[in-house]
Structures are given as structure tokens and as C-alpha cells.
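A quick write-up on the structure given underneath.
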Amino acid sequence: MLRIYNTLAREKQDFVPLRPGSVGMYVCGITVYDYCHLGHGRMMVVFDMVRRWLLASGFDVTYVRNITDIDDKIIRRAVENGETIGELTARFIRYMDEDLEALGVQKPDHEPRATQYVPQMLDLIGRLERKGLAYKAAGGDVNYAVRKFPGYGRLSGKSLDELRAGERVEVDTGKSDPLDFVLWKSAKDAEPEEVKWDSQWGRGRPGWHIECSAMSCALLGETFDIHGGGQDLQFPHHENEIAQTEGATGKRFVNTWMHNGFVRVDDEKMSKSLGNFFTLRDILREFDAEVVRFFLLRAHYRSPLNHSDAHLQDAKGALTRLYTALKGAPAGDAKVDWDEAYARRFKAAMDDDFGTPEALAVLFDLANEVNRGRRELAGQLRALGGVLGLLQRDPQAFLQAGGGEGLPDAEIQRRIDARLAARKAKNYAEADRIRQELARMGVILEDAAGGTTWRRG
RNA sequence: GGCGCGGUAGCAAAGCGGUUAUGCAGAGGCCUGCAAAGCCUUUUAGAGCGGUUCGACUCCGCUCCGCGCCUCCA
């Protein structure tokens, strides 16, 4: 039985989907105006892992991950760059796709964009207005009347009065309550025509929160199983989604809310505003993408995860151990034998709120067994790795992959042959000279019964 | 100020009321012409103070420290 920590309940709960055997899952994607950083990467990899585990558990999964392609930052950036919103977002969507593909993140079943769902958003706003939950303010914006929604604050554990007492809530004169949020922003003259839609409340564009309510309902229905996103979306974004959707439908919106922890740098949240972020692009130039994925799955998804080169280096060493155990094992698609003891441990770990650290520990135990001579378990190791989107490459290809500035493979082979000749002639001084020379260039030789192999260290 | 999360060995990171987590690093050994890899053995834990218990890293309370949300943010 799969158990998931539900933010709404603040505890792990048995996961029971609405319709037996199938799961509807929505995850808040990113706003496309810049490169993805490692924090985005973590969210993407974590929910990719969740989806893969649901599939491996036999569920029929519909996975929706949106793209926010209209918002203040996008508009500002496009104006700065002197390009259209469409050009800017198309470019960063392409970069995102490239980064995610490298990380082994599979495409969601649906990847709706906010700009494609404006009619659905307007419909939702209309319903909210008819129920008295939305009102048009003096400035022309349509706002959500937070006080009119009884459950507001349940997800984030905040009460309206506590929020009110906070010093950081800015005062906006157009709002009846400082905590009200915008559903529809009235168009400003300075803004490009591209961001103006007609509506019964006048020309304008959607507020941020409404898009997720509209898109999730359109693709998964008014009530669905799992909604995920980064911890920072818990409030206000997800709180507002609940208010909007449940306010309009009168039904329960989402059963299970999942939030992944932050990536940190020096114990501080990695974020755009702090400027301490590392883009996936830059990291992937230095580290193998699978190493990055492994690094991200090595921590539990709800725990904070510190980023540094040393940690990534450590992850590389660990993943190398797994691939080393796989050396010589037949490639191809191994299937998991779920009755086998290690697989059962793996499953128990994953069923306990997606315990990837424990699941990976099982993989290392399995590697040890393989190294001790139980070669028949290599397929199981590879197959279980595959459940997490790992270990699917040819081991040799992984072990020999590396920096672009290294020696070409053919040159390495030539020197290995020269060393072999020296060894045959018992000229060990020359053989060792070649080994050390290669070692200085990051190439490690391994003599085995079947011949000499090499890898990059 | 309000709400919440966490403090585990040199580093990273889990589960668990009593039995080796795991990876990297360190030490010794086996193997090797020498190595590497692997295997075997092994050193480093559970912020502090109380409490519950036959027994606590694991449950409860307090203290200290760190982090997050309360504003755009994965």
C-alpha cells in the first residue's frame, strides 16, 4: 500500500485514488522567462519519479504539468529584450525541454500553457463572481474575496487574522482586504497588445493563480488525486488555487497535496531573488546528467538538499559503483522480479512516501551481491534502477563518458595496446609509465582476465 | 511577531523503541608484476537537559541552534 505525506493533513496517508486503478496528477511547472535552475530540476525529477512509481505500481496515470507563459516577469523581460512574449517563451520552453530530456524527465501527458486556457479562466472567474467570491475593484482588476471563503488557510496552516498581523502584507487600496488576490488584471496602456484579452470585465490578462485552477479542472476534472509543486508554492499559490476551485465548484479540489523541499546553497534556499542559483545548463556542462538525477534522488523529496560541486562529485562516485557492478551484465530491458527479496525491500521503501534514499540503498546492497558473484542479480539491479530512471545506459559508456577535453578514445586504445606489448615483454617500467601518464589525464586502466578496460575517473 | 520544518558519525543521507542503513572518505587484509576495481575486517553517530519505558537516535516536554513560509519564487 502506497502511503503519501499529504500537506493538507500534515501526515502520511494511505493513497486511495478517486477511481480505482487510475491517478490524475497535476504539478505546477515553471514560468518561462529564464533558464531552469537546479531547484526547478529537483521539482521536475521528483515528480517524474512519483509518476514513474505510480506507473510501476500499476496505476494508469494522467500527468499534467503546466507552463506559465504569461506573467509580469515575462512581460518585463520581453520588453527589455525587445522581443515578443511569444519569442521569449518559445525559446525558454525549448531550453527547458533540452535540460529535462538530459535529466531523464519524461514528458507529461499534457503540458498546457496558460495562454491557451484564457476562456476557461474567464469562465471560472464568472462563476466566482456569481457566487459573490469575486468582485471588480476600483482600478479595474477583478479580485478574489478571501474572507468569503471559509476554508482559506487550511493548506498552509495560516489563519487570515495571523496573516493580517504579519508585517509583510502590502496594502493595496483597490482590495477590500489586503489578502485578496487578483484573478484578472486590467490592461495597462504600456503593455504590449500581445498580453491583452477581451473579457466581460474589460481588456486584461489573468492573474497567476487562476491558470492552474482552470487547466487542472479542464484536463483532470474538478476533483482529482494529486497536486504537487515546490514548497514555496504552498502559500499563497496553492492556497489560492483551492479557494478559486472549491469556491467555484463547491467540491473538494484535490485529495493529496505534495510539496518538494528546496535545493539550498550554503544552507540558504536557492532562488532567483537571492541570486544564488545554478542553472541546469551550467551544471550539466560539468556533470553527467544522470549523476545530477542520482544526486537529486539521493535525498528524500521533502528534505532540503544542499548543492555543491563536492556533493555532486560524491554522487558521481556512488553512481560509478552501481555501474561498475553492472559491467559485463547483458544490456537490454531487464524486467523487475517483484517477488525477489531486494525488490520487495525496494518497493517497501518507495511505498513509504517515495523513500528514494532507502530504495537506492537497496540498489547498493544488490550491487554488493552482484560483486560477490551473484551475477544473476545484475538484471534486477538494472531494472530497479530503471524504475527511478537510472542505470539504463551501457555501463562502459557511462564509465568512459566524461570531459570533452580528454584524449580521444582511439588514442587511449593505442596507448593501452602499447602498454600491453610492454607488459608482454615484461617491461613493467614502461607499462607503468603509460598507466601513470593516462592516469594524469584522468584515464584509469583496469587489467582483468578478459583484457584491459579503461574508464574516466 | 505568527506558523511550520529540521539538528544523525570526517562529508552526504535514511529507516527504526531493542538486531550492520547506504554511498564517499580513513585504517588493515585478500587479490594484482604494480595498480584499479572488487571482496573481507574495521574506526568516526544521533545538539543539550529532563521525562515515559525493562530498554530511546527513534515517543513526550523544555532549552539552544539552523532553515523555510507569512512578498515574486520549484
Side-chain angles (χ1 to χ4, degrees), chain A residues 7 10 27-31 34 36-47 65 68 71-73 76 153 156-159 161-170 179 208 228-237 239 259-264 267-274 277 294-295 298-300 302-306 308 310-322 324-325 327 345 348-349 352 355-365 367-368 370-373 399 423 426-429 431-432 435-436 439 443-449 452-455 457:
Chain A
T7 306
R10 270 168 248 299
V27 169
C28 291
I30 64 160
T31 302
D34 206 341
C36 291
H37 64 234
L38 188 59
H40 299 120
R42 183 179 195 189
M43 176 272 288
M44 295 290 187
V45 167
V46 160
F47 288 105
R65 191 188 64 216
T68 298
D71 109 306
D72 290 357
K73 290 184 293 272
R76 197 185 323 129
S156 52
K158 299 178 189 307
S159 79
D161 295 316
E162 282 162 359
L163 284 165
R164 238 185 134 85
E167 294 149 27
R168 299 170 75 187
V169 178
E170 68 182 82
L179 293 164
W208 174 37
Q231 221 156 51
D232 44 4
L233 297 188
Q234 198 175 313
F235 187 91
H237 184 57
E239 197 71 70
H259 293 95
N260 66 277
F262 298 129
V263 173
R264 298 179 178 179
D267 289 320
E268 273 193 328
K269 175 184 174 184
M270 177 183 290
S271 73
K272 286 282 171 66
S273 29
L274 286 170
F277 60 92
F294 176 88
F295 167 70
R298 218 179 172 197
H300 185 86
R302 284 190 283 117
S303 302
L305 174 61
N306 259 86
S308 75
H311 294 160
L312 246 8
Q313 206 58 53
D314 191 71
K316 180 184 177 181
L319 186 58
T320 297
R321 176 168 163 82
L322 294 180
T324 302
K327 241 164 89 171
R345 267 180 66 202
D352 184 11
T356 55
E358 178 66 20
L360 288 172
V362 173
L363 261 39
F364 285 100
D365 287 345
N368 180 252
V370 171
N371 288 334
R372 287 167 64 180
L399 295 169
R423 288 180 73 205
K426 302 259 193 238
N427 184 356
Y428 292 121
D432 290 349
R435 178 204 290 292
Q436 280 155 22
V443 175
I444 298 161
L445 299 188
E446 298 181 338
D447 297 328
T452 299
T453 56
W454 63 275
R455 65 189 169 90

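Just so it is clear: chains get the letters A, B, ... in the order the sequence lines come, proteins before strands, and each one is counted from 1. Remember, it's a predicted structure, so these values are computed and weren't measured experimentally.
Across all their heavy atoms, A:Ala299 and A:Leu305 have their closest contact at CB-CD1, 3.8 Å. Minimum heavy-atom separation, A:Asn306 to A:His311: O-ND1, 3.0 Å. Looking at every heavy atom in both residues, A:Gly457 comes nearest to A:Ile444 through CA-CD1, 3.6 Å. For the residue pair A:Pro304 and A:Arg264, the shortest heavy atom distance occurs at CB-NE, 3.3 Å. Taking every heavy atom of both residues into account, A:Arg298 and A:Ala318 meet most closely at NH2-CB, 3.9 Å.
The NE2 atom of A:His237 sits 7.0 Å away from atom OG1 of A:Thr68, with the distance rounded to the nearest 0.5 Å. Between the NE2 atom in A:His37 and the CE atom in A:Met270 there is a gap of 6.5 Å [rounded to 0.5 Å].
The phosphate of B:C39 has OP1 or OP2 within less than 4.0 Å of a side-chain N or O from A:Asn368. Checking the phosphate oxygens (OP1, OP2) of B:A74, no side-chain nitrogen or oxygen of A:Lys269 falls inside 4.0 Å. Dashed line: the shortest gap from a side-chain N or O of A:Arg372 to OP1 or OP2 of B:C40 is under 4.0 Å. OP1 or OP2 of B:A74 has not a single side-chain nitrogen or oxygen of A:Asn260 nearer than 4.0 Å.
Not a single donor-acceptor pair, N or O on each side, falls under 3.5 Å between the base of B:G66 and the side chain of A:Asp267. Contact annotation: side chain of A:Lys158 to base of B:C69, donor-acceptor pair present below 3.5 Å.
Look at the P atom in both B:U43 and B:C34: the space between them is 29 Å, to the nearest Å. Taking atom C1' in both B:C73 and B:G10, one finds a spacing of 35 Å when rounded to whole Å. Rounded to the nearest Å, the gap between the P atom of B:C57 and that of B:G51 is 14 Å. On the C1' atoms, B:A12 is 15 Å away from B:G7, given to the nearest whole Å. With P as the reference atom, B:C24 and B:A36 are 15 Å apart, rounded to whole Å. Between B:C11 and B:A25, the distance separating the two C1' atoms is 7 Å to the nearest Å. Between B:G66 and B:C16, the distance separating the two C1' atoms is 25 Å to the nearest Å. Comparing the same atom, C1', in B:U20 and in B:A9 gives a spacing of 14 Å after rounding to whole Å.
A straight line from CZ of A:Arg264 to C1' of B:A12 spans 14 Å, rounded to a whole angstrom. Nucleotide B:A12 holds its P atom 14 Å from the CG atom of A:Leu312, rounded to whole Å. The nearest whole Å value for the distance from the CG atom in A:Leu274 to the C1' atom in B:C67 is 12 Å. Rounded to an integer number of Å, the gap from NE2 of A:His237 to P of B:C69 is 16 Å. The CD-C1' distance, from A:Glu239 to B:C3, rounds to 12 Å in whole Å. One can place CZ of A:Phe235 at 17 Å from P of B:C5, the figure rounded to the nearest angstrom. Straight-line distance from the CZ atom of A:Arg345 to the C1' atom of B:A14: 12 Å, rounded to whole Å. The CZ-C1' distance, from A:Phe364 to B:C39, rounds to 17 Å in whole Å.
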Paired and unpaired positions of RNA chain B as dot-bracket, Watson-Crick or G-U wobble under 3.5 Å, | denoting a partner strand: (((((((..(((.....[...))).(((((.......)))))....(((((..]....))))))))))))....
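Remark on RNA chain B: of its neighbouring residues A:Ala367 and A:Ser303, the 5'-side contact belongs to A:Ser303, judged by nearest-heavy-atom nucleotide. Taking for each of A:Gly157 and A:Ala361 the nucleotide of RNA chain B with the nearest heavy atom, the 5'-most of the two is the partner of A:Gly157.
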Can you tabulate the close N/O pairs, meaning under 3.5 Å, that link protein atoms to atoms of nucleotides 30-37 of chain B?
unit_1, atom_1, unit_2, atom_2, d
B:G33, O6, A:Arg419, NH2, 3.3
B:G33, O6, A:Arg423, NE, 3.2
B:G33, N1, A:Asp432, OD1, 2.9
B:G33, N2, A:Asp432, OD1, 3.2
B:G33, N2, A:Asp432, OD2, 2.4
B:C34, O2, A:Asp432, OD1, 3.2
B:C34, N3, A:Arg435, NH2, 2.6
B:C34, N4, A:Arg435, NH2, 3.2
B:C34, N4, A:Asp447, OD2, 2.8
B:A35, N6, A:Asp447, O, 3.2
B:A35, N1, A:Asp447, N, 2.9
B:A35, N3, A:Arg435, NH1, 2.9
B:A35, N3, A:Arg435, NH2, 3.1
B:A36, O2', A:Glu446, OE2, 2.9
B:A36, O2', A:Arg455, NH2, 3.1
B:A37, O4', A:Glu446, OE2, 3.1

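The side chain of A:Val263 lies closest to B:A74 when the candidates are B:C73, B:G38, B:A74. Comparing B:U22, B:G23, B:A74 by their closest approach to the side chain of A:Ala318 singles out B:G23. Nearest to the side chain of A:Ser273, among B:A74, B:C72, B:A21, sits B:C72.
Within 4.0 Å (heavy atoms only), A:Gly261 reaches at least one base atom of the nucleic acid.
Ion pair A:Asp432/A:Arg423 not flagged as a salt bridge, since none of the NZ, NE, NH1 or NH2 atoms sits closer than 4.0 Å to an Asp/Glu carboxylate oxygen. The pair A:Arg435-A:Asp447 counts as a salt bridge, with a side-chain nitrogen and a carboxylate oxygen less than 4.0 angstrom apart.
Using modelled atom types and a 3.5 Å distance limit, the side chains of A:Ser156 and A:Glu239 yield a donor-acceptor pair.
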